[in-house]
*Asks:* 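I have a structure I would like to understand better, so I am pasting it below and will then ask my questions one at a time.
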There are 2 protein chains.
Amino acid sequence: MSSMRYALLSLLAREPLSGYDIKQHMNNRLGPFWKVGSNQVYPELSKMEGEGLVKLQGVEQHTYRPARKLYEITEAGREALIQWTIEPMELEHSVRDDFLLKAYNSWLVEPGQMAVRIAEMKKQHEERLAAYLDKVKELTPLLETSGSSHDPIASSISVVEFGIQYERLYIEWCDKLMSKL
Amino acid sequence: MSSMRYALLSLLAREPLSGYDIKQHMNNRLGPFWKVGSNQVYPELSKMEGEGLVKLQGVEQHTYRPARKLYEITEAGREALIQWTIEPMELEHSVRDDFLLKAYNSWLVEPGQMAVRIAEMKKQHEERLAAYLDKVKELTPLLETSGSSHDPIASSISVVEFGIQYERLYIEWCDKLMSKL
DNA sequence: AGCGTCATGTAAGCGGTTACATGATTAA
DNA sequence: TTAATCATGTAACCGCTTACATGACGCT
């Protein structure tokens, strides 16, 4: 019932991966949208294997290295993922960002100290924006020329573009906050 | 260490409230930015009272109704809140929105079905946007004419304005998704 | 008669974070 | 020599969600 398992399936629907790969993809590539710890990945993969949503494609063994267990999605897994994707949903407590809460308290603190924090936050979001822009540059040439809506790259780009717009809005908001001090 | 307690203190820094009030403020007023359950509010208030961050201002008793315990923030609580607010922080896994994950899977599903979900999501965000706009209209006349950065209303407006921009971006993004189908 | 509001709280469970454990290799 | 990378996993903890419990009033 957790959406975490669907995040794993989302990656496996595109290519076979090991638990380690999945962790890396989420923490580095798909960036800070979704993160996982190994504690979640490995047990969840085992569980899903038991339910037939995922199966072992093979095990790579490089002499000295630990065995690398490659998983692939099954037909049942694909269908479960599609089902979940088209399932109706309600939007929940959207943004639970500590910095928003701090901004809510900005009237309590000295403007000078607040300004430092705003500048720091802005910088971090600028870095994230830059990373997302790089990501788009990296993905765009891989797009199918046909421009089909069934191209996974197109879906990836849509999500990253959300991230870009989000970071831009955050940066603008920081500027506005700053000017109000 | 949880930021939840600072959310409670943030409200109490503005006015004395009961546990019930706090819950209502978070779930209705400050809207879907932050939500709490009673299970968290009441034990946390007790704990904070024990730590001297908050104290009982009095207990209202309306014959038939349950006793209403009004809490106010202490000087120590105020200082703890200010400390937390000006503390440096790093930004974490920002947006963990199920719908983004679903968009990431949109290449797997029929455009027709996806279109329905996008339209639904867009509508929900439009409703939220309308609620935020109302909130700003309600807050703006309460602003101090001086326009001081120490006015809590100004801080409230900043936060709601973030929400407005966020909802606008989300709506635009839904439109873009739709046009790509 | 039944549901919603006010007002306090408790109990159970799960999901996610942080840390730990192993063990060989390669780079600073 | 210390740290990081690859690769799997386990253990402990904590915060949050959902549900339950009480009890009188007021509205439909």
Side-chain angles (χ1 to χ4, degrees), chain A residues 1-9 16-29 32-50 54 56-71 89-98 101, chain B residues 1-9 16-29 32-50 54 56-71 89-98 101:
Chain A
M1 322 290 181
S2 158
S3 51
M4 193 61 247
R5 82 180 313 160
Y6 294 108
L8 305 190
L9 284 177
L17 295 166
S18 70
Y20 188 82
D21 289 336
I22 290 175
K23 212 191 140 201
Q24 297 307 100
H25 269 74
M26 295 230 174
N27 298 347
N28 306 331
R29 235 154 284 241
F33 278 112
W34 294 80
K35 276 196 179 177
V36 229
S38 44
N39 49 77
Q40 273 189 288
V41 175
Y42 297 114
E44 196 62 46
L45 279 174
S46 303
K47 211 188 292 174
M48 289 199 292
E49 197 189 359
V54 146
L56 260 176
Q57 198 201 43
V59 179
E60 287 175 25
Q61 188 61 271
H62 287 263
T63 55
Y64 57 90
R65 294 249 178 98
R68 190 179 132 85
K69 297 160 78 174
L70 259 189
Y71 287 93
M89 61 178 281
E90 279 165 36
L91 80 158
E92 68 278 7
H93 55 83
S94 51
V95 195
R96 191 180 261 202
D97 178 334
D98 279 3
L101 187 54
Chain B
M1 323 283 190
S2 158
S3 51
M4 194 61 250
R5 82 180 313 162
Y6 294 108
L8 304 191
L9 283 177
L17 294 166
S18 72
Y20 188 81
D21 290 335
I22 290 175
K23 213 191 140 201
Q24 296 306 101
H25 270 73
M26 296 228 173
N27 298 349
N28 306 330
R29 237 154 282 242
F33 278 111
W34 294 80
K35 275 198 180 179
V36 229
S38 43
N39 50 75
Q40 272 188 289
V41 176
Y42 296 115
E44 196 61 46
L45 280 174
S46 303
K47 212 188 292 174
M48 289 200 290
E49 197 189 358
V54 146
L56 261 177
Q57 197 202 41
V59 179
E60 287 175 26
Q61 187 59 269
H62 287 264
T63 57
Y64 57 90
R65 294 247 179 98
R68 190 181 132 82
K69 297 160 77 174
L70 259 189
Y71 287 93
M89 62 177 281
E90 279 165 37
L91 80 157
E92 67 279 8
H93 55 83
S94 51
V95 194
R96 191 180 262 203
D97 179 334
D98 278 5
L101 187 56

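In what follows, every chain begins at residue 1, and chains take the letters A, B, ... in the order their sequences are listed. Since the model is a prediction, treat every value here as computed from it, not as a measurement.
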*Asks:* In whole Å, what is the span from the CG atom of D21(A) to the C1' atom of dA7(D)?
*Replies:* 10 Å
*Asks:* Name the closest nucleotide to the R68(A) side chain, picking from dG9(D), dA7(D), dA19(D).
*Replies:* dA7(D)
*Asks:* For S46(B), check side chain to side chain contact (heavy atoms under 4.5 Å, CB included) against everything at least two apart and list the hits.
*Replies:* none
*Asks:* Roughly how far, to the nearest 0.5 Å, is CG of L9(B) from CG of L45(B)?
*Replies:* 9.0 Å
*Asks:* What nucleic acid atoms does K69(B) come within less than 4.0 Å of, heavy atoms only: base, sugar-phosphate, or nothing?
*Replies:* sugar-phosphate
*Asks:* What bend angle does the helix from dA1(C)-dT28(D) to dA28(C)-dT1(D) show across its length, from five-pair end axes and to the nearest 10 degrees?
*Replies:* 30°
*Asks:* Could you state the OH-P distance from Y42(A) to dA21(C), rounded to the nearest angstrom?
*Replies:* 18 Å
*Asks:* As a test of reading the structure: which of dC6(D), dC6(C), dT8(D) is closest to the side chain of S18(A), going by heavy atoms?
*Replies:* dT8(D)
*Asks:* Identify, with sequence neighbours excluded, every residue that meets salt bridge (charged side-chain N to carboxylate O under 4.0 Å, His left out) alongside D21(A).
*Replies:* R68(A)
*Asks:* Can you tell me the distance, in whole Å, between the CG atom of L56(A) and the P atom of dT8(D)?
*Replies:* 10 Å
*Asks:* With sequence neighbours excluded, what pairs up with S3(A) under the side-chain hydrogen bond (donor to acceptor under 3.5 Å, both in side chains) test?
*Replies:* D98(B)
*Asks:* Quick one: side chain to side chain contact (heavy atoms under 4.5 Å, CB included) partners of S38(A), sequence neighbours excluded?
*Replies:* K23(A), Y42(A)
*Asks:* Taking only residues two or more places apart in sequence or in another chain, which ones pass ring pair (Phe, Tyr, Trp, His ring centres under 6.0 Å) with Y20(A)?
*Replies:* none
*Asks:* Between dC6(C) atom P and L70(B) atom CG, what is the distance in whole Å?
*Replies:* 15 Å
*Asks:* May I ask you to verify if any side-chain N or O of Y20(B) is less than 4.0 angstrom from the OP1 or OP2 atom of dT8(C)?
*Replies:* no
*Asks:* Who are the side chain to side chain contact (heavy atoms under 4.5 Å, CB included) partners of E44(B), not counting sequence neighbours?
*Replies:* R5(B), L8(B), K47(B), M48(B)
*Asks:* How many angstroms lie between atom CG of L56(B) and atom OH of Y71(B), to the nearest 0.5 angstrom?
*Replies:* 4.5 Å
*Asks:* Separation of N27(B) atom CG from dT18(D) atom P, in whole Å?
*Replies:* 11 Å
*Asks:* In whole Å, I'd like the distance from the CD atom of E49(A) to the C1' atom of dG9(D).
*Replies:* 15 Å
*Asks:* Rounded to whole Å, how long is the line connecting atom CD of Q61(A) with atom P of dG23(C)?
*Replies:* 15 Å
*Asks:* Measure across P16(B) and Q57(B) and return the closest heavy-atom pair with its distance rounded to 0.1 Å.
*Replies:* CG-NE2, 3.7 Å
*Asks:* In whole Å, I'd like the distance from the CD atom of E60(A) to the P atom of dA7(D).
*Replies:* 8 Å
*Asks:* Across nucleotides 12-17 of chain C, 5' to 3', mark each nucleotide with B, S or - according to how protein heavy atoms within less than 4.0 Å reach it.
*Replies:* ---SSB
